[in-house]
Amino acid sequence: MLIYIAGYGRSGSTVLGAILGSHPSIVGLGEITTMCVFLSQSKGHALNNCSCGKSFNDCDYWQNILESSEYNSIQQWANIHKTFQKVED
């Protein structure tokens with residue numbers, strides 16, 4: 001399951017993400033939409049984009065995330081930002 005938390009500056013969304021991300025069953029991905037947009041612009045073939053220096057396809061961290069999520073390819077992650085639904089109060 002993917003939960004997308006958005007907020008205006010200084011609204012507490014970063015703190016909420018950090019709190020939720022501290023749970024062992026939750027992975028906080030920070031500014032994931034920025035990465036998704038970048039991947040979609042590069043057709044999912046981004047080279048050396050992970051901070052470890054490896055491509056997302058070769059990075060152990062991202063491979064674990066892909067294996068444990070319903071989005072099992074970098075290309076699916078590249079397009080995920082198109083599926084976010086805007087929730088208004």
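Quick caveat, the model's predicted, so the values are computed rather than measured.
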Excluding sequence neighbours, so at least two apart, what forms side chain to side chain contact (heavy atoms under 4.5 Å, CB included) with Asn64?
Glu67
For residues 5-29, run the donor-acceptor check on the side chains, cut-off 3.5 Å, and write out each pair with its distance to 0.1 Å, sequence neighbours left out.
unit_1	atom_1	unit_2	atom_2	d
Ser11	OG	Tyr8	N	3.4
Ser11	OG	Tyr8	O	2.7
Ser22	OG	Ile19	O	2.6
His23	ND1	Ser25	N	2.9

Looking only at heavy atoms, the pair that brings Gln63 and Asp58 closest together is NE2-N, 4.5 Å
